[in-house]
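Accompanying notes for the structure given below.
One-based numbering, in listed order, for ligands and for the atoms of each. Remember, it's a predicted structure, so these values are computed and weren't measured experimentally.
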Amino acid sequence: METIKVGIVGLGRLGKVHGENLAYNIPNCELYAACSPVEEELKFAKEKLGVTNVYTEYSEMVEDKDIQAIFIVSPSGLHCEQIRIAMEHGKHVFSEKPIGLDITEIERTVAVIYSYPKQVFMLGFMRRYDESYQYAKTMLEEGAIGELTVIRSYGIDPKEGLESFVKFAGASNSGGLFADMSIHDIDLIRWFSNQEVKRVWAIGKNTAYPELDALGELETGAAMLQLTDKTIGILVAGRNCYHGYHVETELIGTKGMLRIAQIPEKNLVTIMNEQGIVRPCSQNFPERFKQAFINEEKEFIRCILAGEQPEVNANDGLQSTKVAIACQKSFEENEIMDILY
Ligand SMILES: NC(=O)c1ccc[n+]([C@@H]2O[C@H](COP(=O)([O-])OP(=O)(O)OC[C@H]3O[C@@H](n4cnc5c(N)ncnc54)[C@H](O)[C@@H]3O)[C@@H](O)[C@H]2O)c1
């Protein structure tokens with residue numbers, strides 16, 4: 001079978017994870033090129049990932065005609081432009097979430113994506129490729145908990161990252177807590193319910209680092225969502241988790257409930273010692289979603305080879321970002337926001 005030549009842009013926290021998988025763990029895939037403005041990251045690509053073609057300029061990497069697919073793992077504010085350029089150069093594109101940070105630019109980008117229907121486009125909502133989330137989705141669709149009434153979803157990052165986040169918050173270009181983190185929960189709510197979000201009310205509090213107030217960033221935020229069929233969505237997002245990386249989702253139906261990762265278990269080990277009964281927890285996203293990242297990367301390559309489009313598409317990127325931006329605005333203005341379609 002043909003091998004797909006991939007060029008990756010961005011080799012930071014997540015880029016290194018994707019890069020290693022694409023280089024070593026994904027069949028029919030060759031990590032052929034890498035782009036980063038940081039010399040050390042290109043050295044990493046050459047020495048650790050075996051990449052021979054490295055670029056400091058994205059515009060140069062996309063000119064390489066041998067590259068069939070681009071993997072975008074750069075800062076969120078760059079995604080839209082890099083997606084458009086890659087599509088216009090005839091590449092298949094995988095982009096990390098969020099698809100962008102500005103709705104007008106996202107709409108323009110989505111139009112470009114859909115104008116190249118033969119090129120695969122996929123967005124990095126990897127939770128949909130996690131075994132437990134897939135199991136829950138199947139149970140829900142088989143009617144195991146009746147009709148859906150509430151979805152409650154948490155995404156709380158470990159406190160270890162907060163100190164550096166506070167330091168770099170202004171420059172991080174994250175789009176704020178809701179676009180950066182809750183976007184996964186928003187996607188899950190849309191995915192599980194097959195509904196769009198109609199109204200949101202978001203609130204937040206900076207307790208551990210009040211200085212985040214001045215930067216317009218949040219340490220902890222929450223939102224209440226009303227979906228088109230009146231299903232209730234509840235989000236909590238944070239950056240100050242003491243026990244590890246806490247991602248948990250609950251579905252409440254008319255005939256039962258499902259909880260995914262009620263305890264963010266690292267493995268099946270239980271420690272019994274002088275502290276009592278201890279369950280080790282996942283400490284970060286690469287650990288918790290290790291297999292989900294591999295599954296989504298495999299799916300991207302499979303779709304290219306099969307000439308199919310993945311389930312997670314450009315519209316999912318647009319709709320989830322609309323909701324995230326409405327949450328951010330709702331928090332800033334302390335008002336309920338309607339989402340316009
Ligand atoms: N799916 C997930 O759960 C998940 C987790 C973490 C991050 N992300 C997303 O992945 C993206 C990257 O996040 P990260 O945490 O790895 O960030 P990071 O800051 O650690 O890495 C960003 C990378 O982009 C590179 N870069 C910066 N400017 C560039 C430019 N002009 N051209 C090319 N490359 C450039 C940097 O050198 C670095 O390699 C973000 O959009 C983020 O939202 C997704």
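Atom 32 (N) of ligand 1 has as its closest protein heavy atom Gln82 NE2, 3.9 Å. Nearest protein heavy-atom neighbour of atom 20 (O) of ligand 1: Arg13 N, 2.9 Å. Taking atom 11 (C) of ligand 1 as the reference point, the nearest protein heavy-atom neighbour is Ser74 O, 3.3 Å. Atom 37 (O) of ligand 1 has its closest protein heavy atom at Glu41 OE1, 2.8 Å. Nearest non-hydrogen protein atom to atom 24 (O) of ligand 1 is Pro75 CD, 3.2 Å. Ranking the protein heavy atoms by distance from atom 30 (C) of ligand 1 puts Leu78 CD1, 3.5 Å first. The shortest contact between atom 33 (C) of ligand 1 and any protein heavy atom is with Val9 CG2, 3.4 Å. Atom 35 (C) of ligand 1 has Pro37 CD, 3.3 Å as its closest protein atom, hydrogens excluded (heavy atom only).
Using a 30° and 60° split on the angle between ring planes, Tyr245 and Phe289 fall in the perpendicular class, above 60°.
Between Arg239 and Glu163 there is no salt bridge, since no side-chain N of the basic residue sits under 4.0 Å from a carboxylate O of the acidic one. Of the charged side-chain nitrogens involved, none lies within less than 4.0 Å of a carboxylate oxygen, so that Glu88 and Arg84 do not count as a salt-bridged pair. Electrostatic pairing of Asp187 and Arg128 counts as a salt bridge here, judged by a charged N lying under 4.0 Å from a carboxylate O. In this structure, Glu335 does not pair ionically with Lys329, as no charged nitrogen and carboxylate oxygen lie closer than 4.0 Å. Looking at Arg190 and Glu196, a side-chain N of the basic residue comes within less than 4.0 Å of a carboxylate O on the acidic one, giving a salt bridge. In summary, Arg152 and Glu248 engage in a salt bridge, as defined by a charged side-chain N under 4.0 Å from a carboxylate O.
For a threshold of 3.5 Å applied to N or O pairs, the pair formed by Lys97 and ligand 1 contains at least one separation below that value. Between Leu11 and ligand 1, an N or O atom pair is found at a separation short of 3.5 Å. The distance criterion of under 3.5 Å between nitrogen or oxygen atoms is met by Gly12 with respect to ligand 1.
Residue-ligand proximity: Tyr58 is placed with every non-hydrogen atom at 4.0 Å or more from ligand 1. The closest approach between Lys16 and ligand 1 stays at or above 4.0 Å for every heavy atom of the residue.
Residue contacts with ligand 1, taken as heavy atom pairs separated by less than 4.0 Å, involve Glu96 solely via side-chain atoms from C-beta onward. Using a 4.0 Å cut-off between heavy atoms, Leu14 contacts ligand 1 through both its backbone and its side chain.
Note that the CZ atom of Arg127 and the OG1 atom of Thr249 stand 6.0 Å from one another [nearest 0.5 Å].
Aromatic ring centres of His18 and Phe94 lie closer together than 6.0 Å. Taking the six-membered ring for Trp, Phe300 and Phe71 have ring centres closer than 6.0 Å.
The ligand atoms of ligand 1 that sit less than 4.0 angstrom from a heavy atom of His184 are 1 (N), 2 (C), 3 (O). Near Ser36, with a cut-off below 4.0 Å to any heavy atom, the atoms of ligand 1 are 37 (O). Within ligand 1, counting atoms from 1 as listed, the ones closer than 4.0 Å to a heavy atom of His79 are 41 (O). For ligand 1, the atoms closer than 4.0 angstrom to any heavy atom of Gly10 are 23 (C), 24 (O), 25 (C), 39 (O). Residue-ligand proximity, Asp180 to ligand 1, at heavy-atom distances under 4.0 Å covers atoms 43 (O). Per-residue contacts place Gly124 under 4.0 angstrom from the following atoms of ligand 1 (heavy atoms of the residue considered): 1 (N). Interface atoms of ligand 1 facing Val38, defined by a heavy-atom separation under 4.0 Å, are 37 (O).
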Could you walk me through whether Gln309 and Asn313 pass the side-chain hydrogen bond (donor to acceptor under 3.5 Å, both in side chains) check?
CA-CA 8 Å; Gln309 289 292 343; Asn313 58 34; over 6 Å; no

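Counting heavy atoms only, Val73 comes closest to atom 12 (C) of ligand 1 of the residues Leu101, Val247, Val73.
In this structure, Lys16 satisfies the cation-pi test against Phe44, with its NZ or CZ atom closer than 6.0 Å to the six-membered ring centre and inside 45 degrees of the ring normal.
Residues Phe178 and Ile151 do not share a hydrophobic cluster, clusters being chains of Ile/Leu/Val/Met/Phe/Trp/Tyr side chains in contact below 4.5 Å. Under a hydrophobic-cluster definition in which Ile, Leu, Val, Met, Phe, Trp and Tyr are linked whenever side-chain heavy atoms come within less than 4.5 Å, directly or via other members, Ile99 and Val73 are assigned to the same cluster.
Distance screen at 4.0 Å: atom 16 (O) of ligand 1 has a protein heavy-atom neighbour inside the cut-off.
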